[in-house]
Amino acid sequence: MAVWILAFVVGVSTLLLYRARAWQWLVATVLWLGAGIATGLIGTVATAVLAVVFVLPPLVLSIGPLRRAWITAPALARFRTIMPEMSETEKDAIEAGTVWWDADLFSGRPDWGKFMALPAPRLSAEEQAFMDNEVEHLCDLSNDWESTQVWQDLPPRAWQYAKDAGFLGMIIPKRYGGLEFSAYAHSQVVMKLASRCSAAAVSVMVPNSLGPAELLLHYGTEEQKNYYLPRLARGQEIPCFALTSPYAGSDAAAIPDVGVVCRGVHEGRETLGFRVTWSKRYITLGPIATVLGLAFRALDPDHLLGSDDEPGITCALIPTNHPGVVIGRRHWPLNAVFQNGPNSGKDVFIPLDWVIGGQAQVGKGWRMLMECLAAGRAISLPSSNVGYSKIAVRATGAYAAVRRQFRTPIGKFEGVQEALARMAGNLYAMDAARRLAALAVDLGEKPSVISAIAKYHVTERARKVVNDGMDVVAGKGICMGPNNFLARAYQQVPVSITVEGANIMTRCLMIFGQGAIRCHPYVLKELAAAQTTDHAAAVRAFDDALFGHLSFVTSNIVRGALQGVTHARFSTVPSNAAPELHAYYRAANRFSTLLAIAADVSMAVLGGSLKRRESITGRLGDILSQLFLLTATLKRYEDEGRPQADLPLVHWAAQDALWQAREAFEGVLANYPSRPVAWWMRWKLAPFGLPYAKPSDALAARVADLMQTPGDTRERLIAGSYSPRPEIDELAYGEIVFQMSPQVAAIEQRLRLAVKEGRLPTMPQSLPEFTQWVAHAARLQLVSDDERQVLHQYADYAARAVAVDDFPADFGRLADVQRAQRQEPADAALTS
């Protein structure tokens, strides 16, 4: 009897795990029941009862018409009453873009074969040459101090070079005069510029992200493409795109700006068009734009275009010198000086052929924006924030290795090492996520969920990197000046947090809100079936989705229970993955299963109210995000050839992602609205807890040492960032003295014996005393002439590297005083 019961338990678990079909359940239960009868384990009454309980259900389920009539149709009717309300704009947003690796992470069973087959992102020879020459030169021409303090813009010579060299047309095909770069090359360019000058990065980033060029490429008429794209590629036109309104920020679908279809006069002839009224703000490149991309709600009360009173959101291109366009003033976003400002217009008539795509695209603007925004968001902000972080890691690591307190480099203190480890570990994961997101775009995806993950988590981690850098460099970091490599990033990181969907909204609404529907293999199908008006077709579609969904859920629950007992030790890992990282692949399997179950349970228990439970959806989104960061980290290690020296960085980034995923899952359970359900999930899925902890202090110390040691690992960590030469910028001395550190340390180590024996005094820290100390060592023939020169040069460069900028007492006041003096006579005339 015990064997027979055990066979039942094992059989049911196996059938659930492998998602057996109804007829397979029927065959298995008949065989199991037959075995019980044949062996005399059960009598006639027990057989009858067991047949009703275990044979009848799969029999009914295996007969399609019966199943659909008795089960599916009533379930569909019930589903329609509880499904969340969804507006057309929400529907467009959810359906826009594509799902990719994010769908695997949501499935409970990531396809590691597909993942390992993904190519490593690479630059072409042409793209690499552009990075080595044009991008390097634009970095030479611009820097944060000069752009913010002198020009309050990208310097004119840098602007002109950016136009002439084709920076504004990187995404435009060569047949229109553009560079036709890959998404990865676009990402690399923006990242390197951001490591030098934020105004340069943003000024190049915006024309190549969501804007006129992107929209024209996908939706423009041939006439529009042929006219605008060559002009945009040459920098003859400066584009901007106006979406955000004062009363519709993150909820861009609710924009109040309207265009009423009417007849008007344009260029001396009457034509059909729109009379548009709008007020926009936060529009990057707006103050200097020559062509304005505008999103507005199209209204057609006289039915001049068709029967629809309100066709919907529409996108048009308007020359900024068109009568009625009010543009040119600028915002001042936290002392970031990239051009950004408001624009408006009242009853401005534009012809119908100014709509992007012409009349056929009237009312389709929201879908256009959602499709294109995913690609831009996957590249622009992740790339720029990785750039800020690379300069922070490069310069802070060098500073910590050179700056001494208590005769010891500050990077040797454990408190400083903790901050340095966070900086380096976060950067490794951020850069990995940036690369994987760009690869998705290059493979033809429009990754709406992945782009939201990359935007949110890279910008949040960039804030942590810069904050930690400020803590390490301390007083040098808070004093503005050309030698301060962190201050502008510290000021401006919140700008990235805010734009392209504020991070609170991105986390709480977009990542899981879109992810749960788009990445789930059945939810979107169920919603589509429920909205189908043909009853028979709706029932058939819902039947396939519903029973697929049920088998998906039960399979994940069984898998989750097994992984909970075994800590996923027997889960599948890719055969060609690095053996030293197998534990992380197994952990990814486990969290993928946990996420799939928690998402399905939450949708079942909370129904339509789930989208208002932002604390729950935010944490579920965090699990998905940390899975993406973890797998991006694993892929980066594989792509770079498994460099063993980089393993401390890989371990730190992977362990940090798993710890944060654990905290998110624990937060879901601790705050779940239904305590019994939370108890069941913990008992079923994590009976022995989740064994994932923060990176240890010992690991942090190893990571911090890598950040302060010249070598290939550090170079890979900061690869693609800008390092100035001394003739361009004195910031170069920090890197130069850092590279000299091993040689100087070797000399110093040799001289310690002389200090210990009393022949040399202890090495002083001030430059004049150090110079005398080196001369004394030379007289004693303890150092050669070459070594003496090295030590003198090191001391000079180190003094430059740790110097803090200072200015005359009236610095910054003179121009303001002169402006005030010029204004006083005018004020006096007004008062008289």
Side-chain angles (χ1 to χ4, degrees), residues 21-22 60-99 103 106 219 251-254 261 297-301 303-314 357 359-371 446 448-449 509-510 513-553 599-600 602-612:
R21 302 181 68 83
V60 172
L61 292 174
S62 63
I63 303 172
L66 201 60
R67 180 184 69 243
R68 288 190 286 271
W70 287 7
I71 300 174
T72 306
L76 175 59
R78 173 62 178 159
F79 182 77
R80 281 171 167 160
T81 64
I82 63 173
M83 65 180 286
E85 295 182 6
M86 189 178 300
S87 67
E88 283 300 314
T89 51
E90 284 181 304
K91 186 172 182 290
D92 283 344
I94 286 174
E95 293 179 352
T98 59
V99 294
F106 220 104
Y219 307 105
D251 185 14
V261 182
R297 286 190 301 119
L299 306 178
D300 189 10
H303 298 165
L304 297 176
L305 298 180
S307 59
D308 196 345
D309 289 336
E310 186 171 343
I313 294 175
T314 299
Q359 183 173 342
Q361 293 295 335
V362 172
K364 298 180 181 178
W366 182 242
R367 186 61 178 256
M368 293 162 56
L369 293 171
M370 290 298 98
E371 292 280 357
K446 296 180 179 178
S448 54
V449 177
L509 298 180
M510 292 178 64
Q514 277 189 300
I517 296 176
R518 285 308 312 275
C519 297
H520 197 288
Y522 298 104
V523 168
L524 194 60
K525 296 176 182 177
E526 290 166 338
L527 291 171
Q531 293 172 338
T532 302
T533 54
D534 182 330
H535 180 71
V539 170
R540 284 194 300 272
F542 192 73
D543 183 73
D544 289 340
L546 175 64
F547 286 97
H549 194 161
L550 290 174
S551 67
F552 174 77
V553 173
D600 274 313
S602 296
M603 286 186 280
V605 172
L606 302 176
S609 69
L610 179 59
K611 72 177 185 179
R612 296 189 299 274

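The residues of the chain are indexed from 1 along the displayed sequence.
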- Task: Under the side chain to side chain contact (heavy atoms under 4.5 Å, CB included) rule, what do L527 and F79 come out as? Steps first, then yes or no, please.
- Result: CA-CA 9 Å; L527 291 171; F79 182 77; 4.0 Å; yes
- Student check: side-chain heavy atoms of R518 and L524 closer than 4.5 Å: yes
- What residues, two or more places apart in sequence or in another chain, satisfy ring-ring contact (aromatic ring centres under 6.0 Å, His included) together with H520? H549, F552
- Message: Counting only heavy atoms from other residues, nucleotides and ligands, does the tally under 6.0 Å from NE2 of H535 exceed 12?
- Response: no
- Atom pair NE2/CG of H303 and L305 - distance to nearest 0.5 Å: 10.0 Å
- Task: Measure across P74 and A69 and return the closest heavy-atom pair with its distance rounded to 0.1 Å.
- Result: CD-O, 3.7 Å
- Could I get the full list of salt bridge (Lys or Arg N to Asp or Glu O under 4.0 Å) partners for K525, not counting sequence neighbours? none
- Out of curiosity, R67 CZ to S62 OG, how far, rounded to the nearest 0.5 Å? 8.0 Å
- Note on the structure: In this structure, CG of L299 is separated from CD of E310 (nearest 0.5 Å) by 5.0 Å
- Message: Would you compute the distance between atom NZ of K364 and atom CZ of R367 and round it to the nearest 0.5 angstrom?
- Response: 10.5 Å
- Item | R80 side chain vs A530 backbone, donor-acceptor pair below 3.5 Å | yes
- side chain to side chain donor-acceptor pair (under 3.5 Å) involving Y522 - partner list, sequence neighbours excluded: R19
- Give the minimum heavy-atom separation between A75 and F542, together with the two atoms involved. C-CE2, 3.9 Å
- Message: So V449 and F106, do their side chains get closer than 4.5 Å, heavy atoms only?
- Response: no
- Evaluate the criterion side chain to side chain contact (heavy atoms under 4.5 Å, CB included) for residue pair V539 and L76; output intermediate values, then yes/no. CA-CA 7 Å; V539 170; L76 175 59; 4.0 Å; yes
- Smallest heavy-atom separation, P311 atom then A298 atom, equals CD-O, 3.1 Å
- Message: Please report the interatomic distance CG(L61) to CD1(I71), rounded to the nearest 0.5 Å.
- Response: 4.5 Å
- Query: Step by step, would you call D300 with D309 a side chain to side chain contact (heavy atoms under 4.5 Å, CB included)?
  - Reply: CA-CA 5 Å; D300 189 10; D309 289 336; over 6 Å; no
- Does any N or O in the side chain of T532 come within less than 3.5 Å of the main-chain N or O of A528, such that one atom is a donor and the other an acceptor? yes
- Counting distance only, does the side-chain N/O of D543 pair as donor-acceptor with the main-chain N or O of T72 below 3.5 Å? no
- Query: Looking only at atom types and distance, does a side-chain atom of T314 sit under 3.5 Å from a main-chain N or O of G363, one as donor and one as acceptor?
  - Reply: yes
